[in-house]
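Shown next, in structure tokens, is the structure this report addresses.
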Amino acid sequence: SYLSVQIVNFDNQAFHAEAQTSTLSISGNKFKLNGQEKFLVLATYFDGLDAQNYTADLNYLKSKGFDGIRIMPNWWNWGNNQASNTLIDMNGNVRQDRLNILKQIITTTASLGMVVDVTFTRETVPGSCYNTDQRNGMRYDMMCISDYKRGVVSVVQSLSNYNNIIYDLQNEVDGAN
């Protein structure tokens, strides 16, 4: 699996997330983990839904001091230009098998006292809408905003019983405006 390190710090945003053994909150422009100010360090787990052994990966990250992961459930293999393994399909439908894996990963992170940043991406799911990147003139075919919104809302509702999640509703904006 491909991992990269992401340092997270939000300014003046209000949310509260609890893992089984951790409480995440924000005070002013600082995170607090179990009541103590904390600069969170997350590992981006781009293809975590396809990991051979996510439990081992998560245990390893926890042992190295990571506070959680950032997972991108609409990520796909760019080399083969297929989006058949994304969490949300081009029509905004949630793929139940992918959602079940995501839930298992979130449950495992909670048991380790870790948080999960679920980062959605619209531009990684081909669809009938498009945007043109103003920097290079490239046209990006992608899922339509209404389908994207329906899919994201459905996922968030399906994960409403979990308390260790941070949502990023659109990773970057290149080509997805």
Side-chain angles (χ1 to χ4, degrees), residues 1-15 17 24 26 28-31 38-52 54 57-58 61 64 66-95 97-99 101-102 105-106 109 114-159 164-177:
S1 297
Y2 182 77
L3 295 174
S4 72
V5 175
Q6 176 185 16
I7 308 298
V8 178
N9 193 5
F10 293 106
D11 291 326
N12 298 318
Q13 294 186 20
F15 71 87
L24 179 66
I26 291 180
N29 66 352
K30 307 258 192 258
F31 276 116
K38 176 81 170 141
F39 192 82
L40 293 177
V41 178
L42 306 180
T44 299
Y45 203 19
F46 284 101
D47 60 351
L49 294 181
D50 293 317
Q52 295 288 327
Y54 64 81
D57 292 343
L58 295 171
L61 291 170
K64 298 301 179 189
F66 284 87
D67 301 302
I69 61 168
R70 174 181 178 234
I71 194 163
M72 303 175 81
N74 279 349
W75 199 255
W76 52 277
N77 184 343
W78 288 90
N80 68 15
N81 200 24
Q82 296 295 315
S84 61
N85 65 345
T86 57
L87 176 61
I88 303 168
D89 72 15
M90 68 183 284
N91 297 310
N93 300 312
V94 176
R95 292 184 170 102
D97 60 328
R98 305 298 281 172
L99 181 61
I101 296 168
L102 180 60
I105 291 171
I106 293 168
T109 58
M114 299 171 78
V115 298
V116 179
D117 173 337
V118 177
T119 298
F120 294 99
T121 53
R122 179 174 155 239
E123 71 280 6
T124 57
V125 182
S128 58
C129 291
Y130 71 92
N131 192 42
T132 303
D133 190 326
Q134 298 301 314
R135 298 170 301 172
N136 60 21
M138 284 186 71
R139 176 184 158 138
Y140 292 92
D141 292 328
M142 63 184 71
M143 68 187 314
C144 297
I145 291 173
S146 59
D147 297 326
Y148 180 69
K149 179 179 177 181
R150 186 173 54 258
V152 169
V153 167
S154 181
V155 170
V156 170
Q157 288 173 338
S158 296
L159 300 176
N164 62 320
I165 302 173
I166 302 166
Y167 292 101
D168 181 344
L169 300 179
Q170 174 55 47
N171 178 61
E172 303 175 4
V173 294
D174 300 351
N177 302 1

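Every heavy atom of this structure was used, including side-chain atoms; hydrogens, water molecules and symmetry mates were not.
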How many angstroms lie between atom [atom1] of [X] and atom [atom2] of [Y], to the nearest 0.5 angstrom?
X: Arg70; Y: Phe46; atom1: CZ; atom2: CZ; result: 6.0 Å
X: Met143; Y: Thr121; atom1: CE; atom2: OG1; result: 9.5 Å
X: Ile71; Y: Thr119; atom1: CD1; atom2: OG1; result: 9.5 Å
X: Ile105; Y: Ile69; atom1: CD1; atom2: CD1; result: 6.0 Å
X: Ile88; Y: Asn74; atom1: CD1; atom2: CG; result: 4.5 Å

Exercise. Between Asp50 and Arg98, is there a side-chain N and carboxylate O pair less than 4.0 Å apart?
Worked result: yes
For this session: Could you tell me whether Lys149 and Asp147 make a salt bridge, using a distance below 4.0 angstrom between a side-chain N and a carboxylate O?
Result: no
Between [Y] and [X], is there a side-chain heavy-atom distance shorter than 4.5 Å?
X: Asp168; Y: Val118; result: no
X: Asp67; Y: Met114; result: no
X: Leu102; Y: Leu87; result: yes
X: Leu99; Y: Leu159; result: yes
X: Ile166; Y: Val116; result: no
X: Ile145; Y: Arg122; result: yes

For this session: Report the C-alpha separation of Leu49 and Asn85 in whole Å, then their side-chain angles, then the decisive distance to 0.1 Å, and conclude whether the side chain to side chain contact (heavy atoms under 4.5 Å, CB included) test is met.
Result: CA-CA 9 Å; Leu49 294 181; Asn85 65 345; over 6 Å; no
For this session: Could you verify whether a donor N or O on one side chain and an acceptor N or O on the other, from Thr132 and Arg139, lie under 3.5 Å apart?
Result: no
Exercise. Relative to the ring of Tyr148, is the ring of Phe120 parallel (under 30°), tilted (30 to 60°) or perpendicular (over 60°)?
Worked result: perpendicular
Exercise. Are the side chain of Arg150 and the backbone of Asn91 linked by a donor-acceptor contact shorter than 3.5 Å?
Worked result: yes
Exercise. Going through the distances and angles, do Ile165 and Val115 end up as a side chain to side chain contact (heavy atoms under 4.5 Å, CB included)?
Worked result: CA-CA 6 Å; Ile165 302 173; Val115 298; over 6 Å; no
Exercise. Would Leu42 and Phe66 count as a side chain to side chain contact (heavy atoms under 4.5 Å, CB included) if you check the C-alpha gap in whole Å, the side-chain angles of each, and the deciding distance to 0.1 Å?
Worked result: CA-CA 6 Å; Leu42 306 180; Phe66 284 87; 5.7 Å; no
